[in-house]
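Here, residue 1 is the first one in the sequence, and each next residue gets the next number.
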Amino acid sequence: MTNWKNLDTLDAYKALEATKGSVDIATAMAGENGGTRVAKYNVPMAAGLAYNFAAKQVDDTVLEKLAALAKESELVEKFEELYNGAVVNTGEKRLVLHQLTRGQLGQAVTADGVDKRTFYAEQQKRIAEFATKVHNGEITNAAGEKFTTVVQIGIGGSDLGPRAMYIALENWAKKNGTFKMDAKFISNVDPDDAAAVLASTDVAHSIFILVSKSGTTLETLTNESFVKDALAKAGLDASKHMIAVTSETSPLAKSDDYLAAFFMDDYIGGRFSSTSAVGGAVLSLAFGPDVFARFLDGAAAEDQTAKNTDIMKNPAMLDALIGVYERNILGYEATGVLPYSQALSRFPAHLQQLDMESNGKSVNRFGEPVSYKTGPIIFGEPGTNGQHSFYQLLHQGTDIVPLQFIGFKNSQLGTDVDIQGSTSQQKLCANVAAQIVAFACGKDDENSNKRFEGGRPSSIIVGDRLEPEALGALLAHFENKVMFQGFLWNINSFDQEGVQLGKVLAKKVLAHETEGALKVYSDMFNI
């Protein structure tokens, strides 16, 4: 069994503290030495991706200390316990099994009397068969016409991840002939969200996916009622247009209100569910089961790298260690995620939930307050849009914000034009390369308003082209990074009690059980 200890009690952490400020990246990244450094600090990932951390404030000495921290923290051993079925989610006393949705990493895991890998694979098979029947016209609407649109109804992890993945592959699928159905998403309980989606949707030719593990999620069930009302007004039988993704024990599991029900369980948190039935149903319907399978293959291959004890062969663990160094030794409070790919426009929003809901904790796994910082604030937008938005603060503001760039050598669609001696893709890549060096090295100027201090750290994940395997590997990298950071901070990354209090108070407002400030705010909205 592994030992779970607070970060600041570890000998390796104390040794790491002595390296603070030892690396000047403006100097390290300058001239020919910078080129050597970029080539050296490059770690291969799955699906042809690579994690390059040359512009981070680390050197061989810091890396040696980080490796010692990984060993003392038993990061690989804790991951092994997780994928072999240990109760890693101590808050809810649950296993953590999202990696099993895309492959078996270790021994067979049995829970609730069921082999869980077999269970998840069976759900994927059922979804694939259902999606194929929809695409072939074997499952149709009441008029015998094909469904052309799929609409996912969910919130949080039931929306952010699947939506980001759909947007990431939508245009690629259209270009490559694998696009099957339009996908839309309803998440916010704000009625304007559902109304806007339904107003632009041919409901007679649409399948709606209700995603709720418990079958009791307030926002999701409210939006389901909204959709059922729209179907009824169109003279349609909702039960012929809806499927459910839920747990086997929820009230939705065996309801006649749905064409079919596909199952998930309590061992997969919402923010880790894109490779489960939560993402599988909508992505298989939209792009076909084969594309979803390729996405899973990329995630599974990246999971394999997370088993490596050598930090220079384990990109997610190395990324996590550097992030903890930046947060706890260097004192940086936020991290920007900057994909230079328009297809990844919603990927930072997914990572906000993945990271901040997982590691936004102030007590350790045993419920004891920690005396050090944990998860950073995550934000981001795709480049080059962000350059004309918040990069001013990143370059010349008073706070240093570590950055994680994502870039691809080739455009996703292969369509481009040559303008003024270079293509649009070349201009995009030139911008990301320039930004990394600009942040790291800065620029001196007699005019202080034009001076860039530099010393602003960044990493980049580089790939050839954003395809299903690369997307899966990218997703798994960040999921595993968040997991390893939770291990380092000795916190439980797999529950989310912080989202519960607001839900409880909202129910009191709706039941008119309010007093004090809560009542005044409720009255403000005439509730």
Side-chain angles (χ1 to χ4, degrees), residues 19-42 51-59 61-62 322-323 325-342 344-345 348 351-352 373 376-409 418-462:
T19 68
K20 181 178 181 178
S22 63
V23 179
D24 178 359
I25 54 172
T27 301
M29 289 290 287
E32 290 300 319
N33 288 339
T36 302
R37 183 179 169 91
V38 173
K40 178 181 179 181
Y41 287 157
N42 197 68
Y51 170 67
N52 190 287
F53 61 100
K56 289 292 192 179
Q57 288 164 287
V58 300
D59 59 10
T61 300
V62 175
I322 293 173
Y325 182 64
E326 291 174 331
R327 185 77 173 107
N328 297 100
I329 304 297
L330 302 180
Y332 302 146
E333 297 181 349
T335 297
V337 180
L338 310 171
Y340 275 62
S341 167
Q342 188 60 30
L344 293 176
S345 60
L351 294 188
Q352 279 183 330
K373 302 294 186 181
I377 296 166
I378 304 295
F379 70 97
E381 282 289 329
T384 56
N385 298 30
Q387 292 177 204
H388 297 270
S389 175
F390 51 79
Y391 278 35
Q392 169 63 44
L393 183 147
L394 300 181
H395 275 293
Q396 293 184 309
T398 54
D399 288 296
I400 292 178
V401 180
L403 306 170
Q404 290 197 302
F405 291 99
I406 303 168
F408 297 91
K409 299 171 189 176
D418 191 303
I419 300 174
Q420 298 178 345
S422 60
T423 66
S424 297
Q425 183 67 20
Q426 288 172 330
K427 290 179 174 67
L428 179 71
C429 294
N431 270 277
V432 69
Q435 289 296 331
I436 294 170
V437 175
F439 279 118
C441 298
K443 179 181 76 75
D444 195 18
D445 198 291
E446 292 181 1
N447 182 342
S448 60
N449 195 50
K450 296 182 179 182
R451 186 179 303 129
F452 293 74
E453 295 293 337
R456 315 244 163 172
S458 68
S459 63
I460 183 167
I461 293 175
V462 180

For Lys40, check salt bridge (charged side-chain N to carboxylate O under 4.0 Å, His left out) against everything at least two apart and list the hits.
->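 Applying salt bridge (charged side-chain N to carboxylate O under 4.0 Å, His left out) to Lys40 gives Asp60.
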Can you list the residues that meet the salt bridge (charged side-chain N to carboxylate O under 4.0 Å, His left out) rule with Glu326, with sequence neighbours excluded?
->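 Listed in chain order: Lys56.
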Determine the minimum heavy-atom distance between [X] and [Y], stating which atoms define it.
X: Ile25; Y: Ala55; value: CD1-O, 3.5 Å
X: Val38; Y: Asn52; value: O-ND2, 2.8 Å
X: Gly455; Y: Ala26; value: N-CB, 4.4 Å
X: Pro348; Y: Val337; value: CG-O, 3.8 Å
X: Pro402; Y: Tyr332; value: CG-CD1, 3.4 Å

Non-neighbouring partners of [X] that pass side chain to side chain contact (heavy atoms under 4.5 Å, CB included), sequence neighbours left out:
X: Ala334; result: Ile377, Phe379, Val401
X: Cys429; result: Gln425
X: Ser345; result: Ile167, Gln342, Pro382
X: Val62; result: Leu16, Thr19, Ser22, Val23, Val58, Asp59, Leu66, Tyr325

Donor-acceptor contact present, side-chain Lys373 to main-chain Gly331, <3.5 Å =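 No: the side chain of Lys373 does not pair with the backbone of Gly331.
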Say whether, by atom type as modelled, one donor and one acceptor occur between the side chain of Arg456 and the main chain of Leu394 under 3.5 angstrom.
->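 Such a contact is found between Arg456 side chain and Leu394 backbone.
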Check side-chain hydrogen bond (donor to acceptor under 3.5 Å, both in side chains) between [X] and all other residues, then give those that pass, not counting sequence neighbours.
X: Asp24; result: Thr27
X: Tyr340; result: Gln387, Tyr391
X: Asp418; result: none
X: Gln352; result: none

Give every residue pair that meets the salt bridge (charged side-chain N to carboxylate O under 4.0 Å, His left out) criterion with at least one member in residues 430-449, sequence neighbours excluded.
->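 Those involving residues 430-449 are Lys443-Asp445, Asp444-Arg451.
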Nearest 0.5 Å, what's the [atom1]-[atom2] distance between [X] and [Y]?
X: Glu453; Y: Phe439; atom1: CD; atom2: CZ; answer: 14.0 Å
X: Leu338; Y: Ile436; atom1: CG; atom2: CD1; answer: 10.0 Å
X: Ile322; Y: Tyr41; atom1: CD1; atom2: OH; answer: 9.5 Å
X: Thr335; Y: Arg327; atom1: OG1; atom2: CZ; answer: 8.5 Å
X: Gln57; Y: Ile329; atom1: CD; atom2: CD1; answer: 12.0 Å

Would you list the pairs meeting side-chain hydrogen bond (donor to acceptor under 3.5 Å, both in side chains) in which at least one residue belongs to residues 29-39, sequence neighbours left out?
->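 Sorted result for residues 29-39: empty, none.
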Given the rule in the side chain to side chain contact (heavy atoms under 4.5 Å, CB included) test, do Gln404 and Ile461 qualify, once you have shown the distances and angles that lead to the verdict?
-> CA-CA 8 Å; Gln404 290 197 302; Ile461 293 175; over 6 Å; no
Derivation of the side chain to side chain contact (heavy atoms under 4.5 Å, CB included) call for Lys427 and Ile419 | CA-CA 10 Å; Lys427 290 179 174 67; Ile419 300 174; 4.0 Å; yes
